[in-house]
Structure formats: C-alpha cells, structure tokens
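Report on the structure given below.
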Amino acid sequence: MKNESITIILTGPPGVGKTTLVHKICSALRVKGRILHGFYTEEVRGEGISQRIGFDVVTLAGKRGILSRKNPGDQLRRPKVGEYSVFVQDFESLALPVLGTQDSQPEPDLLVVDEVGKMELLSKRFESAIADLLKKRRALLVTIPEKSKLALVEQLRKSAGSKIYQVTKSNRNDLAGEITEEITKALL
C-alpha cells in the first residue's frame, strides 16, 4: 500500500443511497483483490410492516449486531438518539475489532466505516478509534451525516488527504466507478 493515505467521505441526506454506494465500492475493490475491513449500518424494518424500527451494525465479514431500536423490549436504560435506544456495547463489540489490526489477519488495504454519526459517537471508544485512524493516516472510506456539527465529523471533513463526495439521487450510480478508481490509484 502507498504511504499516502486517502480518506473518501460520502455525505448526503438520509436514504439517498450512501450505504448502497459503499456496498458497490467494496464489491468492486474486492474483485480487484483488495483486503477490506470495516462495517456498515443497515435499516431494520418490522416484520410485515414498512416502518423502520432501528438499525443494525454489520461487519464486512457478515457479523451482525444491534445498533439501535425503537422501544426495545428490555428495561435497560440506554442512551437515546431521537426515538431510538442505542446499544453502545453491542456496537462496540462488533465495530471496534474490525477497525484495529488483528494478529491473525492481514492488514487491510482500506477500512470502511458507515457511518460516523450521533448513534455511533455515543461510544467514546469508537470516537477515539476513529481519531487514532486519522492520526495513523490509514486509507478510509467513511460516511457522515450531511448536516452534522459533531467535532469528529468536522475533523474528518478537514483531515489532510480527505475528499468529500456529496451523494445525490442523480449521481449515486455514477460515483461507484469514480470512487473505486480513485481508491485504487491511491493504493498502488
């Protein structure tokens, strides 16, 4: 991997297709033989209903855990973002290991973090891990909320080597090839 780091940041309104774009980029990079670690967040809908009931965190290796739920059935007090109770420990148990280098696995070419938002940043350990990755100048593909003023999101926006892509319904299909090519060139 090149010493030059790259941070690709995807932003846009909720539901515009940032996570779908992340999936397309990851698929294309895997075809090129790139090693990817990381996670994405995925909407969870109630059985038989179209209403969103929460979000799961899913590693690129396919492990799944709860990030948040509306009205969780247990009585534990959890931090909330809007109407969602956030399962910080569940999130940390899946997200934090994939952001570090594990002895048994080769170092990844690219770390994928979908997303750095209010729910995820309830974990101070996650916030610290992302800040450390920026200092280490690792190659990153990150999604952030469009209108966030969170300190770490601002730090990501301003980090050296970062490039921000505004994802819209009109450009989301074209961006996958462009971003894949940019990452590929940076990793040569």
Side-chain angles (χ1 to χ4, degrees), residues 1-43 55 57-61 67 91 94-101 105-121 123 126-188:
M1 182 170 34
K2 246 187 193 182
N3 288 339
E4 179 186 329
S5 74
I6 184 170
T7 301
I8 299 292
I9 300 170
L10 306 178
T11 191
V16 77
K18 295 182 295 292
T19 298
T20 301
L21 181 55
V22 166
H23 283 288
K24 289 179 181 180
I25 293 165
C26 289
S27 292
L29 290 170
R30 283 187 175 129
V31 167
K32 295 175 181 271
R34 293 299 179 180
I35 299 169
L36 312 175
H37 290 181
F39 70 89
Y40 59 93
T41 53
E42 185 173 85
E43 279 188 356
F55 293 91
V57 58
V58 185
T59 69
L60 296 183
L67 174 59
F91 170 70
L94 280 174
L96 294 177
V98 298
L99 297 180
T101 305
Q105 297 184 0
E107 187 169 319
D109 297 312
L110 180 72
L111 288 171
V112 178
V113 181
D114 173 30
E115 111 175 325
V116 177
K118 283 182 185 177
M119 289 184 193
E120 296 82 3
L121 289 174
S123 165
F126 173 72
E127 185 173 3
S128 178
I130 297 298
D132 287 346
L133 289 172
L134 285 173
K135 287 178 198 163
K136 292 177 184 174
R137 299 187 49 75
R138 297 291 308 270
L140 298 170
L141 172 61
V142 181
T143 65
I144 60 172
E146 183 177 41
K147 296 179 179 176
S148 175
K149 299 295 183 205
L150 296 164
L152 184 60
V153 172
E154 289 301 309
Q155 187 180 347
L156 280 162
R157 287 182 202 273
K158 296 173 183 173
S159 67
S162 69
K163 184 165 183 182
I164 300 173
Y165 287 88
Q166 179 72 35
V167 181
T168 65
K169 289 186 180 198
S170 61
N171 74 359
R172 65 185 179 193
N173 293 325
D174 298 327
L175 285 177
E178 179 182 334
I179 293 169
T180 300
E181 190 60 34
E182 183 161 355
I183 292 170
T184 301
K185 285 179 185 174
L187 297 178
L188 289 177

So, for Val98 and Leu111, which heavy atoms are closest and what is the spacing to 0.1 Å?
O-CD2, 3.6 Å
Smallest separation among heavy atoms of Glu181 and Lys32, with atom names
OE1-NZ, 4.4 Å
Is any side-chain heavy atom of Glu107 closer than 4.5 Å to one of Ile35?
no
Ser159: partners by side-chain contact (heavy atoms from CB on, under 4.5 Å), with sequence neighbours left out
Thr7, Leu134, Ser162
Which value, rounded to the nearest 0.5 Å, describes the distance between Glu42 atom CD and Phe55 atom CZ?
10.5 Å
Donor-acceptor contact below 3.5 Å, side chain Arg172 vs main chain Leu21:
no
Could you list the donor-acceptor pairs under 3.5 angstrom formed by side chains in residues 23-30, with sequence neighbours left out?
unit_1 : atom_1 : unit_2 : atom_2 : d
Lys24  : NZ     : Asn173 : OD1    : 3.2
Ser27  : OG     : His23  : O      : 3.1
Arg30  : NH2    : Leu60  : O      : 3.2

Given side chains that start at C-beta, do those of Glu120 and Ile130 come closer than 4.5 Å, heavy atoms only?
no
Any donor-acceptor pair under 3.5 Å from Lys149 side chain to Glu154 backbone:
no
Testing the basics here: between Pro145 and Gly117, what is the closest heavy-atom pair and its distance to 0.1 Å?
CG-CA, 3.9 Å
Below 4.5 Å, heavy atoms only, C-beta onward: do Val167 and Glu146 meet side chain to side chain?
no
For the OH atom of Tyr165 and the CD atom of Glu178, what is their distance to the nearest 0.5 Å?
4.5 Å
Correct closest heavy-atom pair for Ala176 and Thr180 would be O-OG1, 2.7 Å
Check for a donor-acceptor pair, side chain of Lys18 on one end and backbone N or O of Gly12 on the other, with a separation under 3.5 Å.
yes
Side chains of Leu99 and His37: closer than 4.5 Å at any heavy-atom pair?
no
Correct closest heavy-atom pair for Thr168 and Asn171 would be N-OD1, 2.7 Å
Kindly indicate, with the supporting measurements, whether the criterion side-chain contact (heavy atoms from CB on, under 4.5 Å) is fulfilled by Asp114 and Phe39.
CA-CA 6 Å; Asp114 173 30; Phe39 70 89; 5.5 Å; no
Sorted by chain and number, sequence neighbours left out, side-chain contact (heavy atoms from CB on, under 4.5 Å) with Ile164 holds for Ile9, Thr11, Arg157
Do Leu152 and Phe126 have side chains that approach each other closer than 4.5 Å (heavy atoms only, starting at C-beta)?
no
Find the distance between CD1 (Ile8) and CG (Leu141) and round it off to the nearest 0.5 Å.
7.5 Å
So do the side chains of Arg34 and Leu110 get within less than 4.5 Å of each other, counting heavy atoms only?
no
What's the separation between atom CG in Leu10 and atom CD1 in Ile144, rounded to the nearest 0.5 Å?
9.0 Å
